[in-house]
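Here the structure comes first, spelled out in structure tokens, and everything after it is commentary.
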Amino acid sequence: MKQGLVLRKIGLAALLLVLAAVPLTGLNSYWVHLLNLTWIACIAALGLNLATGMTGQIVLGQAALMGIGAYSAGLLMTRLHHPWWLALPEALGVAAAVGAGLGVLSMRIKGHYLAITTLAVNEIFRLVVTNEEQVTGGPMGLRDIPVLHFPALGRDLDQQAYLPLLAVLVLVYALAVRVYRGRLGRQMRAVRDDEMAAEAMGVNSRATKIVAFILCSVFGALAGALYVLSVGFISPNNFTIFESIKLLLMTVIGGLGSIGGTILGAAVVTLLPELLRDLQTYYMAVFGIGVVCVLLLEPRGLGIAGDWLLAPWLPQAEKTQQIGAVGSLLPQEQASGEVVAAAARAPAPPAGASVLLSAAGVAKHFGGVYALQDLSFDVREGEILGLIGPNGSGKSTFINACSGVLAPDAGRIVCGGKDVTGLPPWEVHRLGVSRIFQNVRLWESMTVQENVSLAWRDPEPGSRRPEERAVAAAMAALESMGIAFLANRLARDLSFGQSRLVELARATVNRPRLLLLDEPAAGLRGGLVMELAQILQCLRTQGTTVLVVEHRIKLVMAMCDRVVVLNLGRKIAEGTPAQIQRDPEVIEAYLGERAGYDADATPPQAASAELISP
């Protein structure tokens with residue numbers, strides 16, 4: 001495998017040498033100019049890929065961002081007579097401010113509404129530069145802009161600009177690869193795959209989107225400024241909506257989120273129409289049919305070939321076949337009685353433990369439906385507290401309120417002495433609260449190791465080699481679940497049981513103070529339930545407090561130190577498992593009718609408990 005990686009790197013280096021030697025081949029100026037435009041398009045498309053492909057924010061105004069960079073640099077050089085090396089960073093600063101504004105806008109507008117908004121920005125930009133003739137030159141454009149001169153690199157302007165543009169593209173490409181491989185890239189992909197899960201695992205989705213828009217704008221402005229420096233003329237027609245759609249087409253053909261594929265996509269969209277010119281009136285039809293075929297035959301576009309050839313440094317997921325049970329887990333035929341017995345062996349928390357989580361008068365309604373009503377109870381340090389109740393009783397709503405996914409309409413939730421009511425999920429996660437969801441929510445485009453390492457929070461910010469520390473922490477968490485061998489598998493290739501254990505590893509990689517579990521045993525078979533019970537007891541011994549919502553009542557009664565019962569959003573009982581099993585109101589809530597109850601009769605109690613359990 002390492003030998004193959006070395007060969008891929010050698011192949012990439014050889015390709016770069018061939019491209020760098022193009023001016024020496026005697027290629028005519030027209031094709032050199034076309035290659036220059038290709039490198040500029042690659043830079044702009046890479047920026048668009050960061051926002052749209054990696055972060056999932058649909059941007060249809062990248063040409064306007066290129067125009068902002070182009071006009072800013074051109075005006076600074078022609079009106080204020082700034083040298084190019086000063087005008088270029090100034091133009092990028094203007095674009096970064098615009099990108100930050102678009103990022104803030106994306107907090108309020110999402111999906112196709114955001115796409116329409118960025119499309120409108122493109123048209124507004126075109127109208128402004130067209131009508132402000134005294135400043136921008138209007139429809140006639142901005143002329144006589146100073147260009148780069150490197151006489152030693154060629155006889156004409158296109159040849160002189162070729163190597164500098166290629167060098168800038170290589171640097172931008174390297175930056176894009178670094179972003180993709182780093183924590184920021186994982187955060188972007190997590191926001192794209194599942195924003196709620198990303199926020200619950202500590203990702204500040206707002207900051208991530210703003211950074212993505214800033215990078216998108218800066219890359220686009222850089223492409224626009226380079227166009228000015230290599231051509232010396234710009235007009236509104238260079239930055240129309242059609243150009244934005246063309247840039248988006250480059251990222252789609254290249255595969256959304258693919259770094260190498262974006263390079264190939266930009267090259268195909270820029271060069272292929274020119275290569276098909278001989279077909280005259282049919283060349284656009286042939287080009288369109290080719291694009292459709294690529295998208296139909298391979299949804300990832302050219303990303304497969306692009307990442308293999310151009311991005312050997314990116315993490316490569318192992319190809320895997322579906323695997324059933326994890327090797328370290330107990331056999332499927334493990335009896336539920338053994339699960340209960342194993343869970344019951346764990347020691348209870350010390351008497352008089354302090355309160356870690358306190359809910360006081362919490363209420364939440366959705367329209368006319370009250371999911372929670374005046375809910376109050378405490379979770380003590382070091383205990384496993386079970387939260388049970390019929391479907392629709394508000395259990396998941398309370399978990400969402402505790403983790404910051406939902407803001408309560410009334411009441412307070414205090415964790416570790418800090419009021420977390422209404423805090424965003426990433427702030428709650430920073431306080432040592434982690435969770436898993438009722439339905440498994442992994443980031444399926446990422447590997448198992450990337451899923452877990454993203455949730456890791458470095459206890460020593462600013463320490464050396466943070467990526468290596470994140471990977472080591474992720475591998476330790478996976479090892480504790482017995483699934484370290486899955487580290488390089490894509491999350492979408494896992495079985496349900498494996499996915500649940502990966503989600504649990506992700507939630508516990510930071511050794512949280514409070515772990516919120518929303519039906520962790522749902523869909524698991526006997527052996528996995530046994531493993532889950534043992535894992536929770538192990539976490540408790542390591543100092544993690546657990547609040548678990550579960551429908552397997554036998555498991556809850558055997559594993560939990562205390563149990564809280566909800567019905568129709570209200571707390572109807574709280575106490576030890578033994579007390580809960582004997583509570584007539586709990587039995588009525590589960591059975592739907594008033595059950596005959598005799599405090600001295602053991603058989604009816606046992607029968608009721610059996611009816612409550614699934």
Side-chain angles (χ1 to χ4, degrees), residues 1-2 5-6 54 177-191 193-194 197-204 208 311-318 320 323 326-329 426 429-436 440-494 498-515 531-532 534-536 538-544 546:
M1 184 176 179
K2 289 184 178 181
L5 185 61
V6 171
M54 287 177 56
V177 170
R178 185 176 181 85
V179 169
Y180 186 99
R181 294 183 61 186
R183 183 172 181 83
L184 176 59
R186 291 195 296 271
Q187 290 175 336
M188 289 177 172
R189 287 177 282 153
V191 169
D193 287 359
D194 192 325
E199 292 177 345
M201 291 298 107
V203 176
N204 186 335
T208 301
W313 293 275
L314 295 184
Q316 299 291 318
E318 291 182 356
T320 180
I323 300 176
V326 178
S328 66
L329 300 182
W426 53 88
H429 183 269
R430 191 172 292 115
L431 296 174
V433 179
S434 192
R435 68 166 296 177
I436 69 170
V440 175
R441 305 186 76 144
L442 297 180
W443 304 304
E444 295 188 346
S445 67
M446 299 164 64
T447 65
V448 168
Q449 179 264 311
E450 288 179 307
N451 265 268
V452 180
S453 60
L454 176 56
W456 185 68
R457 186 178 65 256
D458 196 340
E460 302 175 10
S463 60
R464 297 181 60 186
R465 299 181 176 178
E467 284 299 306
E468 293 182 9
R469 291 163 60 86
V471 171
M475 293 305 298
L478 292 170
E479 186 68 37
S480 69
M481 301 293 164
I483 52 174
F485 67 95
L486 296 174
N488 293 323
R489 306 278 173 81
L490 284 176
R492 62 169 170 258
D493 294 332
L494 302 179
Q498 292 170 343
S499 299
R500 182 61 86 187
L501 289 177
V502 171
E503 190 179 35
L504 195 56
R506 185 179 70 180
T508 59
V509 66
N510 290 311
R511 299 288 178 87
R513 294 183 65 188
L514 176 63
L515 180 61
E531 190 83 359
L532 175 65
Q534 293 176 341
I535 288 170
L536 295 184
C538 181
L539 290 172
R540 193 253 291 276
T541 61
Q542 295 173 357
T544 296
V546 179

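Both backbone and side-chain heavy atoms feed into the values below; hydrogens, waters and symmetry mates do not.
- Atom CZ of Arg511 has 12 or fewer neighbouring heavy atoms from other residues, nucleotides or ligands inside a 6.0 Å radius.
- Judged purely by atom type and a 3.5 angstrom limit, Asn510 uses its side chain to pair as donor or acceptor with the backbone of Ala455.
- Taking CD1 from Ile436 and CG from Leu442, the interatomic distance works out to 10.5 Å, rounded to the nearest 0.5 Å.
- The two atoms that bring Met446 and Asn451 nearest to each other are O-ND2, 3.5 Å, heavy atoms only.
- In this structure the side chain of Val448 never reaches within 4.5 angstrom of the side chain of Gln498, judged on heavy atoms.
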query: Is there a side chain to side chain contact (heavy atoms under 4.5 Å, CB included) between Val191 and Gln187 once you walk through the steps?
result: CA-CA 6 Å; Val191 169; Gln187 290 175 336; 5.5 Å; no

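- Nearest heavy atoms, Leu478 versus Ala505: CD2-CB, 4.0 Å.
- Note: Leu486 CG to Gln449 CD = 12.5 Å, rounded to the nearest 0.5 Å.
- Ser453 and Ala470 make their closest contact through CB-O, 3.7 Å (heavy atoms, listed as atom of the first residue, atom of the second, distance).
- Between Thr544 and Thr508, the closest side-chain pair of non-hydrogen atoms is not below 4.5 Å.
- Note: Leu490 CG to Glu444 CD = 9.5 Å, rounded to the nearest 0.5 Å.
- For the pair Ala477 and Val452, the tightest heavy-atom approach, listed with the atom from each and the gap, is CB-CG1, 4.1 Å.
- A salt bridge between Glu450 and Arg189 is present, with a side-chain N of the basic residue lying under 4.0 Å from a carboxylate O of the acidic one.
- At least one donor-acceptor pair under 3.5 Å links the side chain of Ser434 to the backbone N or O of Ala507.
- Distance alone, capped at 3.5 Å, is enough to place a donor-acceptor pair between the Asp193 side chain and the Ser445 backbone.
- Among Arg178, Arg183, Arg181, Arg186, the single residue meeting the salt bridge (charged side-chain N to carboxylate O under 4.0 Å, His left out) criterion with Glu467 is Arg186.
- Annotation for Glu479 and Ala484: closest pair OE1-CB, 3.2 Å, computed over non-hydrogen atoms.
- In plain terms, the two heavy atoms of Gly432 and Pro512 that are nearest each other are O-CB, 3.5 Å.
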message: Set out, in order, the CA-CA distance, both residues' side-chain angles and the distance that settles side chain to side chain contact (heavy atoms under 4.5 Å, CB included) for Ile535 and Leu501, then state yes or no.
response: CA-CA 10 Å; Ile535 288 170; Leu501 289 177; 4.0 Å; yes

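- Side-chain contact between Leu454 and Met201 is absent, with no heavy atoms from C-beta onward closer than 4.5 Å.
- Atoms CG and CG, on Leu514 and Leu431 in that order, are 10.5 Å from each other to the nearest 0.5 Å.
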